[in-house]
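Here is the naming used below: chain letters follow the sequence lines, and residue numbers restart at 1 for every chain. Just so it is clear, the model here is predicted, and its values are computed rather than measured. Side chains included, hydrogens not; waters and symmetry mates left out as well; all remaining heavy atoms used.
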Number of protein chains: 2
Amino acid sequence: MRGSSRVMAEPKSSAHLFAALGDGTRLRLVSRLCDGGPMSISRLTAGSRVTRQAITKHLRVMEDAGLVHSTRRGRERIWRLDRRRLREARRHLDLISKQWDDALGRLKAAVEAD
Amino acid sequence: MRGSSRVMAEPKSSAHLFAALGDGTRLRLVSRLCDGGPMSISRLTAGSRVTRQAITKHLRVMEDAGLVHSTRRGRERIWRLDRRRLREARRHLDLISKQWDDALGRLKAAVEAD
DNA sequence: TCCATAGGCAACCTCCTGGTTGCACATTAA
DNA sequence: TTAATGTGCAACCAGGAGGTTGCCTATGGA
């Protein structure tokens, strides 16, 4: 079998990225940051049913995945989405789809004897 | 604040889906199923460094998320990707991006006094 | 200066997850 | 019929994830 998976060039970081999106609370945070723009932890917590600390942890996870980053402003910390990573996630899914198409193509070409 | 997030119509299932993609081993399985087409657990295990049971568990997780499904053939069980779900994942990311664009638009419109 | 507000840190808890091992059962292939 | 192959099931385990609470520090306003 030749180098089987060109999509897996960066499996670790992609898994990280998807994992960061794989939680309801975090997905909700993404959505709120999308709609409301950059905002502080307190404001993000206000709309949620969990503790501020929980939110903080989620933000940290998302930060590790590169999905968000923060800047300090006075006594608050403002979080904003990082759009590039979101694009990378999309790109990865597109690659998988493409890989799939190619594989299907190869398969059809190979199984002419059907 | 109006109904804030239209993307969150189905946050639970989306989170499920992303979570299913959020693991290196599973991402590798997706890739192999893409490249190699439907195949049995044993064949999937052969290329991996973990136990057959581990692979089985991963497949089950992906099945719960709707990413794959299986059929029995003789004494083996053949797993195949379900492309629709993959498309849904892409769709969701696209929605988020769109939501973002809209929010940016609103923001720019609102902050003319800058 | 003094109090309320916004966060950071750390300890702690529970449950899920990824992984393994051992064993039983079904289906092939000799 | 027998042995090998392909799975399924269940128990078990360590570590990580999500969440909470308590306490301490730093700013901003009155």
**Asked** Which word best sums up how the rings of B:Phe18 and B:His92 line up, parallel for under 30°, tilted for 30 to 60°, or perpendicular for over 60°?
**Response** perpendicular
Rounding to an integer number of Å, can you tell me how far [X] [atom1] sits from [N] [atom2]?
X	N	atom1	atom2	value
B:Ile41	C:dG19	CD1	P	15 Å
A:Leu44	C:dG8	CG	P	12 Å
A:Arg60	C:dG7	CZ	C1'	10 Å
B:Trp79	D:dT7	CH2	P	11 Å
B:Arg77	C:dT28	CZ	P	14 Å
B:Ile78	D:dT5	CD1	C1'	14 Å
B:Ile55	D:dG6	CD1	P	15 Å

**Item:** Presence of salt bridge, A:Arg60 and A:Glu63, under 4.0 angstrom
**Value:**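 Looking at A:Arg60 together with A:Glu63, the answer is no, because their closest N to O distance does not fall below 4.0 Å.
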**Item:** Salt-bridge present (B:Asp101, A:Arg83; N to O < 4.0 Å)
**Value:**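 So B:Asp101 pairs with A:Arg83 through a salt bridge.
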**Request:** Establish, with yes or no, whether the OP1 or OP2 oxygen of C:dG7 is under 4.0 angstrom from a side-chain nitrogen or oxygen of A:Ser40.
**Result:**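 Indeed, a polar side-chain atom of A:Ser40 lies that close.
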**Polar contact flag, side-chain donor to acceptor under 3.5 angstrom, A:Arg80-A:Thr71** =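 A:Thr71 and A:Arg80 do have a side-chain donor-acceptor pair below 3.5 Å.
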**Asked** With distance as the sole criterion, is a donor-acceptor pair present between the side chains of B:Ser42 and B:Glu76 under 3.5 Å?
**Response** no
**Request:** Work out how much the helix from C:dT1-D:dA30 to C:dA30-D:dT1 bends between its end axes, five pairs an end, to the nearest 10 degrees.
**Result:**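 Answer rounded to 10°: the end axes differ by 30°.
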**Prompt:** Which atoms form the tightest heavy-atom contact between A:Ile55 and A:Thr25, and what is the distance?
**Reply:**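 What the structure gives for the nearest pair is CD1-CG2, 4.4 Å.
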**Prompt:** Restricting to pairs with a member in residues 23-71 of chain B, which pass ring pair (Phe, Tyr, Trp, His ring centres under 6.0 Å), not counting sequence neighbours?
**Reply:**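 Sorted result for residues 23-71 of chain B: empty, none.
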**Item:** Atom pair NE2/CZ of A:His16 and A:Arg85 - distance to nearest 0.5 Å
**Value:**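 Answer rounded to 0.5 Å: 9.0 Å.
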**Message:** For nucleotides 10-30 of chain D, give me one character per nucleotide, 5' to 3': B if any protein heavy atom sits under 4.0 Å from the base, S if the only such contacts are to the sugar-phosphate, - if neither.
**Reply:** --------SBBB-----BS--
**Asked** Are any side-chain N or O atoms of B:Arg43 and backbone N or O atoms of B:Pro38, one a donor and one an acceptor, separated by less than 3.5 Å?
**Response**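 Side chain of B:Arg43 to backbone of B:Pro38: no pair is present.
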